[in-house]
Amino acid sequence: MSDKKGRFGIHGGQYIPETLMNAVIELEKAYDHYKDDPDFNRELTELFNEYAGRPSRLYYAKKMTEDLGGAKIYLKREDLNHTGAHKINNVLGQALLAKKMGKTRLIAETGAGQHGVATATAAALMGMECVVFMGEEDTKRQALNVYRMRLLGSEVIPVTTGTATLKDAVSEAMREWTTRIDDTHYCLGSVMGPHPFPIIVRDFQAVISREIKAQLMEKEGRLPDAVIACVGGGSNAIGSFYHFIEDESVQLIGCEAAGRGIDGFETAATINTGRVGIFHGMKSYFCQDEYGQIAPVYSISAGLDYPGIGPEHANLHDTGRAKYVPVTDEEAVCAFEYLAKTEGIIPAIESAHAVAYAQKLAPTMSRDQIIVITISGRGDKDCAAIARYRGEDINE
Amino acid sequence: MSRISEAFKNKKVFIPFITCGDPDLDTTKACVLEMVKNGADIIELGIPFSDPTAEGPVIQNANLRALSGGVTTDKIFDMVRDLRKETEVPLVFMTYANVVFSYGMDRFFGACRDIGMDGLILPDLPFEEKEEFAPKCREYGMDLISLIAPTSKERIATIARDAQGFIYIVSSLGVTGVRSEITTDLGAMVSLVRENTEIPCAIGFGISTPEQAAKMSGISDGAIIGSAIIKILAEHGKEAPEYVGEYVKTITDAIRAA
């Protein structure tokens with residue numbers, strides 16, 4: 001999928017300060033060594049199974065299927081993982097790798113707080129120091145997750161620069177890494193940033209599609225017709241897509257956060273509104289103005305509120321192998337409520353973007369077709385915000 | 001001989017940095033002329049970027065002030081065109097890869113040639129990605145300045161052998177900003193550079209006092225100062241040119257006396 005220097009088509013690369021170059025080279029060498037190391041993989045599998053609760057269920061959503069009256073719908077329940085989201089897959093992999101590399105300290109950025117909580121969790125488990133950078137705006141939107149990270153022994157640093165959201169948290173984590181490299185691993189939370197991060201994170205998240213494939217084969221004896229996942233940076237989506245990329249019959253659909261709509265400025269739909277640029281270590285699509293200034297983006301979902309997308313997704317878009325559709329706040333909130341009432345499952349507002357598109361797609365497909373939706377996280381963290389969206393003020 | 005090479009001939013150089021458009025372009029232009037009047041040898045002009053990941057808080061804020069004041073790459077080109085009527089000092093742009101990439105390479109470098117720019121520094125463009133920009137830079141007669149950091153180690157030789165104009169030695173880990181002391185073994189880094197190239201090198205990041213500037217230019221071929229100047233801009237705004245001039249004089253005096 002990627003060639004020299006971590007390129008996916010024209011995307012990817014290593015656009016970072018010289019100060020960090022040896023750190024990413026060291027990381028690449030370590031990863032190349034450990035990724036095929038039987039002991040490393042045994043340890044990681046044990047962490048996945050015994051600690052994170054893998055494999056996650058592939059659940060047949062019977063009521064939703066009947067209600068929509070089209071394709072058969074399966075939900076990949078990443079929300080049932082320990083810490084409540086797919087983020088733990090990547091974090092356990094990176095923390096274990098960092099530990100093997102002799103690092104004693106993890107730093108991370110977080111948007112909704114799920115990656116921060118996962119990193120804080122892995123750090124607690126493995127006895128590592130942990131510092132999480134989180135946009136000040138997001139620390140307010142996701143106060144409960146800030147508390148969880150601190151409870152797990154991590155330091156949370158509110159980032160006040162720029163728009164005080166996810167992109168600023170990434171910038172600040174990158175700045176921190178240039179200050180302290182020897183003992184510190186930057187545990188990047190999505191399939192983005194400089195090579196080798198997009199590959200490392202994808203490989204650790206690819207467990208999602210590996211399981212979907214095996215589970216669906218067991219239940220239905222066939223491949224799905226469509227796999228749908230939400231996309232911010234794109235880690236749960238690439239994890240859900242990866243083992244299906246070669247299977248041309250499987251439609252791969254990423255759902256971008258359109259915020260208040262892709263015709264206005266209050267959106268975070270990168271592929272639908274952005275253009276090719278260079279930022280946060282990679283070439284990819286970014287929301288930006290005519291002079292290349294990165295645009296402030298907006299979504300109700302703090303986890304999708306990012307002006308870029310991982311380089312492998314950018315290439316899947318360029319080649320037409322995957323398609324990326326915009327889903328608005330309103331559609332996502334309706335889907336959030338729909339899944340709760342229909343299946344008794346409260347999805348993360350991020351994942352609700354994927355549910356919303358499936359609601360549109362399923363009725364257009366026939367009953368013998370199959371859709372898999374990745375429920376990347378659980379929605380407890382979002383209840384207060386959705387209540388506010390509906391004009392109801394509740395205390396968290 | 002290029003204007004940059006000329007500047008390094010038989011002397012230690014001082015390279016001050018300023019963010020264009022902070023607080024406005026008239027002030028930037030007046031500051032540059034004060035810098036030249038007070039002995040600055042090369043001027044580093046920052047084109048602001050929304051998310052400057054290699055900068056500390058001082059220069060981050062300058063970028064924000066400039067962008068919220070409405071400065072754009074085109075307006076900066078116009079300012080430099082005006083500036084060139086009054087000075088022949090070597091001018092180097094410092095910005096981020098996306099500012100150049102998104103403007104369009106030929107369009108950007110073409111404009112740089114037309115207004116008389118001498119070089120370009122992109123802190124998020126390491127050796128591995130250099131070939132995307134370097135051929136265009138050469139085609140339009142500009143030097144693409146390479147950076148070397150305290151973590152570069154065995155990379156120094158490779159980077160130095162391929163360098164143009166001058167080499168920017170990053171004095172310390174971390175982002176730009178004033179530091180009370182610089183602990184990196186810079187002498188060893190400079191020796192490695194000199195074993196591999198004839199190109200001069202200057203040290204930046206963390207320098208603010210005349211003593212530090214004299215020491216750094218003693219070790220290398222020059223000193224680069226950014227944040228300390230931006231602090232003067234932050235304090236004095238449109239009144240800053242006079243104070244910037246005074247500050248630059250204390251630095252050039254110290255460098256020349258050393």
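Proteins come first, then strands; the chains are lettered A, B, ... in the order of their sequence lines, and each starts at number 1. Excluded from the calculations below are hydrogen atoms, water molecules and symmetry mates; all remaining heavy atoms, backbone and side chain alike, are included.
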When you look at B:Glu139 and B:Lys136, which way does the salt bridge (Lys or Arg N to Asp or Glu O under 4.0 Å) test go after all the steps? CA-CA 5 Å; B:Glu139 184 185 331; B:Lys136 282 288 167 203; 3.4 Å; yes
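For NZ of B:Lys231, the number of neighbouring non-hydrogen atoms (other residues, nucleotides, ligands) closer than 6.0 Å is 12 at most.
Between the side chains of A:Tyr15 and B:Glu132, at least one donor N or O lies within less than 3.5 Å of an accepting N or O. Counting only N and O atoms by type, the side chains of A:Ser301 and A:Glu350 include a donor and acceptor under 3.5 Å apart.
Among the candidates B:Pro48, B:Pro126, B:Pro52, B:Pro123, the residue making the largest number of heavy-atom pairs closer than 4.5 Å to chain A is B:Pro126. Chain B forms more heavy-atom pairs under 4.5 Å with one residue of A:Ser171, A:Pro17, A:Gly281, A:Ala295 than with any other, namely A:Pro17. If you tally non-hydrogen atom pairs under 4.5 Å between each of A:Val276, A:Asp168, A:Ile181 and chain B, the highest count goes to A:Val276. No other option in A:Gln288, A:Lys283, A:Glu176 has as many heavy-atom pairs under 4.5 Å with chain B as A:Lys283. Taking B:Thr73, B:Leu64, B:Ile159, B:Asn61 one by one and counting their heavy-atom pairs under 4.5 Å with chain A, the maximum is reached by B:Thr73. Most heavy-atom pairs under 4.5 Å with chain A: of the set B:Ile148, B:Val100, B:Asn63, B:Leu67, this distinction falls to B:Leu67. Chain A forms more heavy-atom pairs under 4.5 Å with one residue of B:Pro57, B:Ala97, B:Ser152, B:Ala54 than with any other, namely B:Ser152. If you tally non-hydrogen atom pairs under 4.5 Å between each of B:Thr72, B:Leu147, B:Asp51 and chain A, the highest count goes to B:Asp51.
In this structure, chain A has heavy atoms under 4.5 Å from both the backbone and the side chain of B:Glu128. Only the side chain of A:Phe279 has a heavy atom closer than 4.5 Å to any heavy atom of chain B. Contact of B:Glu55 with chain A is made through the backbone alone, with heavy-atom distances under 4.5 Å. B:Phe49 touches chain A through backbone and side chain together, each having a heavy atom under 4.5 Å away.
The nearest pair of heavy atoms linking A:Gly193 to A:Leu188 is CA-CD1, 4.1 Å.
Here the side chain of A:Lys99 pairs no donor or acceptor atom with the backbone of A:Thr104 at under 3.5 angstrom.
A salt bridge links A:Glu172 with A:Arg175: at least one charged nitrogen is closer than 4.0 Å to a carboxylate oxygen. Using a 4.0 Å cut-off between charged side-chain N and carboxylate O, B:Asp26 and B:Lys29 make no salt bridge.
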